[in-house]
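These numbers come from a predicted model, not from an experiment. Numbered from 1 within each chain, the chains take letters A, B, ... in sequence-line order.
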Amino acid sequence: MTLTLSEEQSFLKDTAKKFAQEKTPTTHFREIRDNENPECFDRAIWQEMAAQGWSGILVPEEYGGSNFGLAGIGVVLEELGRTLTPSPLFATSVVCATILNKAGNDSQKKEFLSKIASGEVTMAFALEEGPRHKPFSINLEAKKDGKNFILNGKKNFVIDGGFADYIIVAAKTSEKEDQLSLFVIARDVEGVNIIPTTMVDHKNAANIEFKNVSISEKNLLGTQNSAKEIIEETLDISRAALSAEMLGGALEAFDITLNYLKEREQFGEKIGSFQALQHRAALMFTELELCKSCVIEALTAFDEGSNDLQRIASLAKSKIGETFFNVSNEGVQMHGGVGVTDEYDIGLYMKRARVAEQTFGNSEYHRNRYAELTGY
Amino acid sequence: MSNLDTFRQETREWLEANCPPEMRKPMTADGACWGGRNFKFTHPDQKLWLERMGEKGWTAPTWPSEYGGGGLNYDENKILAEELFKIGARPALASFGLWMLGPALLEYASHEQKMEHIPKIIKGEIRWCQGYSEPGAGSDLASLKTKAVEDGDNFIVNGQKVWTSYADECDMIFTLVRTGPQEPKHNGISFLLIDMDQPGVETKPIKLISGKSPFCETFFTDAVVPKANLVHDLNKGWDVAKNLLQHERKMLASMGLGGSAAGGKGKGKSGSGLANLSKKYVESSDGKISDEGLRQKIAKSDMDAHAFGLTLRRASEEAKNSNHGPSAATSIFKFFGSEHNKRRYEIMLEAMGTQALGWEGGEFGPEELAVTREWLRTKANSIEGGTSEVQLNVISKRVLDLPQ
Ligand SMILES: Cc1cc2nc3c(=O)[nH]c(=O)nc-3n(C[C@H](O)[C@H](O)[C@H](O)COP(=O)(O)OP(=O)(O)OC[C@H]3O[C@@H](n4cnc5c(N)ncnc54)[C@H](O)[C@@H]3O)c2cc1C
């Protein structure tokens with residue numbers, strides 16, 4: 001396994017970088033936020049991303065995608081993460097596309113994957129039910145009723161749930177804890193009550209209530225009671241991809257701060273000449289170098305079918321979680337007063353770091369998991 | 001079969017035939033082979049292994065075959081390392097000549113100097129030590145005062161070095177000396193190779209907190225050094241010094257991943273060295289360490305090691321085609337590797353409790369006593385080869401380009 005990008009991957013990364021710089025710099029993010037756009041993203045921009053082929057990177061060619069791999073979509077997410085670009089790329093084209101790849105039957109794949117690739121539909125994955133990541137403690141129930149299932153329960157922190165056309169729901173379908181199933185549901189089905197929430201990073205999520213929602217068994221993804229493994233694999237792929245986005249955010253927060261250290265003067269000198277700040281900058285740089293290696297390892301591990309995927313995903317998510325947190329907080333501190341103003345971008349990264357850290361398991365969660373997987 | 005497959009096959013066969021059984025046993029604390037005129041081999045197999053590897057140039061696999069090196073390219077070298085790892089072969093030679101001096105000579109020395117010194121490094125015939133630091137010149141190395149004055153075909157050297165590792169066991173010393181006292185401090189330094197087997201050179205061991213005396217004060221009193229032993233131009237020694245330091249730091253960085261028999265690294269899913277060690281001393285149920293605080297610390301340390309290993313590998317892949325030696329970025333590795341190693345030993349001590357606090361005898365096993373001594377040794381990791389603070393200075397100024 002190699003830890004450097006291929007020529008095609010580097011090319012894609014450069015294209016994404018240019019796109020983010022020209023079309024979605026942080027001013028784009030601010031515009032969406034300030035216009036209180038309830039969707040929290042720009043549909044025209046999303047169409048351009050789809051036209052670039054990004055929405056279909058994880059979609060097989062037979063369904064209109066490019067099947068270019070996790071490292072492919074990872075480098076795009078990294079560059080978009082640098083400018084905090086809001087888009088459905090993560091929830092729709094990574095999380096939900098992965099579930100469909102793994103669990104969908106041919107007609108479901110035809111219906112959904114091809115529309116994901118073309119940018120026609122957006123999707124969200126409703127998994128969590130409490131304030132902390134606990135993927136397998138699920139109370140939402142789906143009871144079999146003839147050829148239908150009746151869903152009752154509540155989900156929270158559904159990323160992109162506020163606007164997604166379809167929701168994939170993880171539900172309990174048996175008395176046994178581990179027996180879970182996945183369903184795909186259109187947002188406007190009766191009994192589905194979506195309450196959009198804006199998170200502190202100004203991205204969209206939703207709380208969703210399901211009250212006697214009746215859906216056909218055709219909406220079941222994969223076989224009944226066997227979703228646990230699919231969820232686990234999907235989460236690991238998503239963690240690797242999210243780690244790439246977080247790496248982009250952390251690198252940008254660091255660059256912004258480094259520039260400030262070279263510009264701002266106090267006591268008649270650039271503040272970057274103070275050793276107390278220099279050493280902290282050097283520490284951050286070192287941590288970022290380690291994170292780069294973990295992220296690329298995680299992305300390529302999936303593409304190359306490593307048998308150590310789970311540990312590597314936990315490694316990446318845990319390391320970048322700590323580092324993004326640290327770099328963005330140090331960034332705010334090193335900006336002084338302007339660091340806590342809305343006018344400067346650095347604070348936006350700190351907010352994003354906190355939400356991303358919480359998504360799909362924080363650093364501590366993944367240290368624990370890593371220990372378990374290593375046998376202690 | 002591709003060339004590389006053939007190479008792997010041949011390498012495997014050669015190692016099978018030539019690596020003696022004793023050299024396939026796990027390394028012990030005093031099992032390293034340092035070579036040199038006075039080295040006492042611990043086993044005949046150790047001598048045989050050094051001779052065979054040295055003959056093939058595989059103690060320095062990537063150095064040019066012109067000077068006795070293995071002449072291997074990046075991929076071949078990787079294969080050799082993998083095959084050596086597979087049979088659990090010990091390094092045939094540990095030496096400052098291989099890690100530090102050789103690479104700098106290859107870059108800066110004349111052809112004659114290379115012909116003279118490189119083969120002897122490769123075969124482990126001459127053992128080298130490093131004469132950089134002085135009592136008044138540590139982090140501020142360029143303020144060194146040991147002086148060399150021209151005298152016909154020779155230099156006459158006077159002064160004192162300190163912290164000279166293994167000086168009392170070495171044959172030759174590579175030194176930084178002041179040859180241009182009037183020049184600005186970095187511009188008056190030369191790089192000299194000095195034979196220690198002469199009346200003008202004396203060494204005096206220093207005892208460390210670990211109880212060992214691996215290094216010395218080294219005194220020069222009218223020591224005589226032929227001019228042929230000046231590497232690079234007069235007063236241009238600082239260039240060589242810096243280059244050599246990068247190699248030293250690279251070597252020290254990789255030490256962060258090594259470790260004692262007791263607490264060594266665990267590979268992949270097969271487990272964690274730290275965790276296995278801890279389980280001998282702390283409660284666990286179903287293999288899970290019960291002390292959650294300790295468990296989190298171990299996981300953090302194991303993840304650091306994992307991430308660090310990946311980063312070293314990434315750096316070597318990136319350097320593969322660029323053909324550059326180690327750069328200032330090596331400071332990242334030196335810094336992280338040594339700090340990580342210190343943290344790792346602190347965790348071992350925490351897990352082992354009083355069993356890791358013994359000095360000698362009593363109820364302590366030899367491995368436990370070794371951990372204690374190694375723990376004390378790790379405290380030097382962040383000082384030797386440039387302190388952690390100095391590494392952070394290098395990263396901020398030379399890598400991040402922050403203002404002076
Ligand atoms: C185990 C070991 C082996 C060694 N082997 C050798 C050898 O073989 N040959 C050899 O020549 N030398 C050797 N050394 C010496 C080593 O290189 C020096 O100890 C080291 O460079 C530090 O110098 P010093 O001890 O004089 O500390 P000082 O330079 O006096 O440092 C004291 C403290 O001040 C800090 N400090 C100094 N300058 C700065 C600065 N600009 N900014 C911030 N903080 C600063 C340091 O980080 C340190 O914490 C060895 C040292 C050890 C511990």
Side-chain angles (χ1 to χ4, degrees), chain A residues 1-5 254-255 257-258 261-263 265 269-275 277-298 306-308 310-312 314-320 322-323 363-364 366-376, chain B residues 266-272 274-276 278-279 282 284 286-290 292 294-304 306-318 320-321 329 331-333 335-336 339-340 388-389 391-404:
Chain A
M1 227 157 43
T2 144
L3 294 171
T4 41
L5 294 179
F254 181 70
D255 288 350
T257 304
L258 197 60
L261 292 179
K262 292 176 184 177
E263 257 168 47
E265 288 183 15
E269 290 175 61
K270 306 281 187 215
I271 57 170
S273 67
F274 304 142
Q275 197 180 47
L277 301 188
Q278 289 185 340
H279 282 193
R280 279 149 68 188
L283 279 171
M284 290 191 261
F285 180 73
T286 306
E287 286 290 336
L288 284 167
E289 284 299 307
L290 262 63
C291 286
K292 280 186 196 169
S293 318
C294 295
V295 168
I296 178 116
E297 170 81 350
S306 151
N307 61 5
D308 201 12
Q310 296 173 308
R311 274 187 357 132
I312 298 171
S314 280
L315 173 70
K317 182 67 173 53
S318 176
K319 277 259 135 211
I320 189 60
E322 284 172 345
T323 302
S363 296
E364 191 193 345
H366 287 291
R367 274 199 295 277
N368 179 47
R369 186 166 179 257
Y370 187 95
E372 242 159 47
L373 292 166
T374 314
Y376 55 99
Chain B
K267 264 253 154 194
K269 286 199 245 185
S270 62
S272 144
L274 271 183
N276 294 341
S278 301
K279 282 182 195 171
V282 302
S284 56
D286 286 340
K288 185 172 162 175
I289 293 169
S290 311
E292 190 51 41
L294 177 64
R295 187 166 165 269
Q296 283 271 335
K297 279 187 201 169
I298 294 174
K300 190 162 165 44
S301 174
D302 283 351
M303 290 172 113
D304 277 349
H306 195 160
F308 185 51
L310 290 171
T311 307
L312 289 174
R313 210 178 92 209
R314 182 166 64 88
S316 88
E317 281 179 19
E318 283 167 2
K320 175 178 167 181
N321 300 320
S331 288
I332 297 165
F333 303 129
F335 169 76
F336 192 86
E339 295 294 336
H340 166 69
S388 282
E389 290 77 15
Q391 305 309 321
L392 294 177
N393 285 346
V394 172
I395 298 168
S396 3
K397 300 203 169 79
R398 308 244 303 275
V399 182
L400 301 179
D401 203 21
L402 284 165
Q404 292 295 322

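- Of the inter-residue distances, the one linking B:Leu294 atom CG with A:Tyr376 atom OH reads 9.5 Å to the nearest 0.5 angstrom.
- A:Cys291 SG to B:Leu310 CG: the interatomic distance, rounded to the nearest 0.5 Å, is 11.5 Å.
- Most heavy-atom pairs under 4.5 Å with chain A, from the set B:Thr311, B:Ile395, B:Asp286, B:Val399: that is B:Thr311.
- Neither the backbone nor the side chain of A:Ser363 comes within contact range of chain B; no heavy atom of the residue lies under 4.5 Å from a heavy atom of that chain.
- In this structure, chain B has heavy atoms under 4.5 Å from both the backbone and the side chain of A:Leu283.
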Could you walk me through whether A:Tyr370 and B:His306 pass the side-chain contact (heavy atoms from CB on, under 4.5 Å) check?
CA-CA 11 Å; A:Tyr370 187 95; B:His306 195 160; 2.8 Å; yes

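- Within the model, atoms CG of B:Leu274 and OG1 of A:Thr374 stand 11.5 Å from one another, a figure rounded to the nearest 0.5 Å.
- For the set A:His366, A:Lys270, A:Lys319, the entry with the most heavy-atom pairs within less than 4.5 Å of chain B is A:Lys319.
- Contact check on B:Arg314 versus A:Glu297 returns no salt bridge, with no Lys/Arg side-chain nitrogen under 4.0 Å from an Asp/Glu carboxylate oxygen.
- For the pair A:Asn368 and B:Glu292, the minimum side-chain heavy-atom distance is below 4.5 Å.
- The CE atom of A:Met284 sits 9.0 Å away from the CG atom of B:Leu400 when rounded to the nearest 0.5 Å.
- Note: A:Glu289 CD to B:Leu312 CG = 11.5 Å, rounded to the nearest 0.5 Å.
- The contact between A:Gln275 and chain B is made entirely by side chain atoms (from C-beta outward), counting heavy-atom distances below 4.5 Å.
- Looking at B:Phe333, there are no atoms closer than 4.5 Å to chain A (heavy atoms on both sides), in backbone or side chain.
- Annotation: maximal heavy-atom pairing with chain A below 4.5 Å, among B:Lys288, B:Gln391, B:Met303, B:Lys300, occurs at B:Met303.
- To the nearest 0.5 Å, atoms CZ (A:Phe285) and CG (B:Leu402) are separated by 11.0 Å.
- Side-chain atoms of B:Asn393 and A:Gln278 include no donor-acceptor pair closer than 3.5 Å.
- Across all their heavy atoms, B:Glu318 and A:Thr4 have their closest contact at CG-CG2, 3.6 Å.
- Both the backbone and the side chain of A:Glu364 come within contact range of chain B, each with at least one heavy atom under 4.5 Å from a heavy atom of that chain.
- The contact between B:Gln404 and chain A is made entirely by backbone atoms, counting heavy-atom distances below 4.5 Å.
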